[in-house]
Number of protein chains: 2
Amino acid sequence: MTKSRINSSDLLSGLELMIDSYQGKEQILGVNLNPVIVRLSCEEGCVKVIEMARRLGVTADTVRFYTRIKILKPGKNKTNGYREYSENDYNRLRFVLSARQLGFSVEDIQEILNHADKKKSPCPTVRRLIDQRLNETEQRFAETLQLRERMQQAVVEWSQKPDKVPTGHMICHLIEEFAQ
Amino acid sequence: MTKSRINSSDLLSGLELMIDSYQGKEQILGVNLNPVIVRLSCEEGCVKVIEMARRLGVTADTVRFYTRIKILKPGKNKTNGYREYSENDYNRLRFVLSARQLGFSVEDIQEILNHADKKKSPCPTVRRLIDQRLNETEQRFAETLQLRERMQQAVVEWSQKPDKVPTGHMICHLIEEFAQ
DNA sequence: CTTGACCTGTGTCTTGGACACAGGTGTAAG
DNA sequence: CTTACACCTGTGTCCAAGACACAGGTCAAG
């Protein structure tokens, strides 16, 4: 397959792209990379799990998780079985993290990626899903707000009340007398 | 068996007992309770799971759950193995539901009940735990608030943007261009 | 006798990873 | 060469608070 015959300068630019987007000073080292040696060490996309994780500021377990559920599809080194993450995997993971920041569930993201993988615009799906998730978030927000107020009020009220020993029909008067 | 011969007025007084103890005026009706009849209708506490659930407005599964983790300890009918919930179980479940409303975890509640069961005041534990849980709730609240704002802003921004088809390095421009 | 509603215990599912574990790999130092 | 150590693999389990499923037992009414 031609697929395995990746142009080394492509690979390098892919690498640089990834390194750059991570942070800063690897550029200095990027110059030292010998493309030939890079190709020797791995066929297509050189990045192992821990490196991938580091570049996007997540744990290796997170990368493994997204691999396990097939959102990432790294190649496999034939000789040692190690997974090799490509620039494409990097882009996907970056996308996943952005989407998670916007409240999409992992399942949502799989749906979105399915559309994109078929070259169809995922935007209508994205708009529909964010409406749903926003509703749920508003709901959760309201609940959390109420819970917080209840708790705050309890703390205030309880500060005026003594401790008591439980009786037959009262386990903790603080909690049971806190009517709401 | 005498067991199956449930006197309907007993059932009613059992009901009343539980209902009353919830509201606090059981002493008035307590006069009406005939202990002998109560013992005939069921040995100690007459209530089966679905009835218990209905009275506190939860599902039978919830009652079974708290039974499974031994917060409720119903008796067991020797002949059919059905669980029989007593007034004490009713009080405990009512307490549990109140505590859950105040953000205590089930594990918290077990700790609180352990104190109460040893006749020690659970109040210091309760005060300590609510401080922790309130902190966590404030945290969650802040996070939910931020997520909500992010999502709202995304919806607004996206309403001005067209759908697009994914490219090699862009899966969904809506999500990926939404910088924050 | 059958139907249907109820009961039992047990096991599995939910989210988004985190952690564990057994066993393989790669490399640098002694 | 061996050893140590850091890394890798797949798989399984765990979290919270129930919800749901399932196989099998019970019971009252028709």
What about B:Arg68, does its side chain sit under 3.5 Å from the base of C:dG11 through a donor-acceptor pair? yes

Among residues two or more places apart or on two chains, list those pairs meeting salt bridge (Lys or Arg N to Asp or Glu O under 4.0 Å) that have a residue in residues 170-179 of chain A. A:Lys161-A:Glu177, A:Glu176-B:Arg94

Tell me whether the OP1 or OP2 atom of C:dA18 has a side-chain N or O from A:Thr62 closer than 4.0 Å. yes

Between B:Arg54 and B:Glu51 (salt bridge meaning N to carboxylate O under 4.0 Å), is one present in this structure? yes

Rounded distance (Å) that lies between atom C1' of D:dA17 and atom CG of B:Asp61: 11 Å

Whether B:Arg64 contacts C:dG9 is assessed here as follows: a side-chain N or O lying under 4.0 Å from the phosphate OP1 or OP2. Is that the case? no

Nearest-Å distance, CZ (B:Phe65) to P (D:dA19)? 9 Å

Ranking D:dC7, C:dT15, D:dA17 by distance to the side chain of A:Ile50, first place goes to D:dC7

Atom CZ of A:Arg100 and atom CG of B:Leu147: how far apart are they, to the nearest 0.5 Å? 9.5 Å

A:Lys70 NZ to C:dG16 P, in whole Å, measures 18 Å

Are any of the side-chain nitrogens in A:Lys76 or A:Glu84 under 4.0 Å away from the carboxylate oxygens of its partner? no

Whole Å only: how far is the CD atom of A:Glu143 from the C1' atom of D:dA17? 14 Å

Quick one: do B:Arg92 and B:Asp117 make a salt bridge, cutoff under 4.0 Å? yes

With the side chain defined as heavy atoms from C-beta on, A:Ser105 is closest, among C:dC7, C:dG16, D:dC8, to C:dG16

Is B:Arg128 salt-bridged to B:Asp131, cutoff N-O under 4.0 Å? no

Against the side chain of A:Arg83, the closest entry in C:dC7, D:dG18, D:dT9 is D:dT9

Compare side-chain N and O positions of A:Thr59 against OP1 and OP2 of C:dA18 and report whether any pair is under 4.0 Å apart. yes

Restricting to nitrogen or oxygen on both sides, can you table the protein-nucleotides 26-28 of chain C pairs closer than 3.5 Å?
from   : atom 1 : to      : atom 2 : distance (Å)
C:dG26 : OP1    : A:Asn80 : ND2    : 3.2

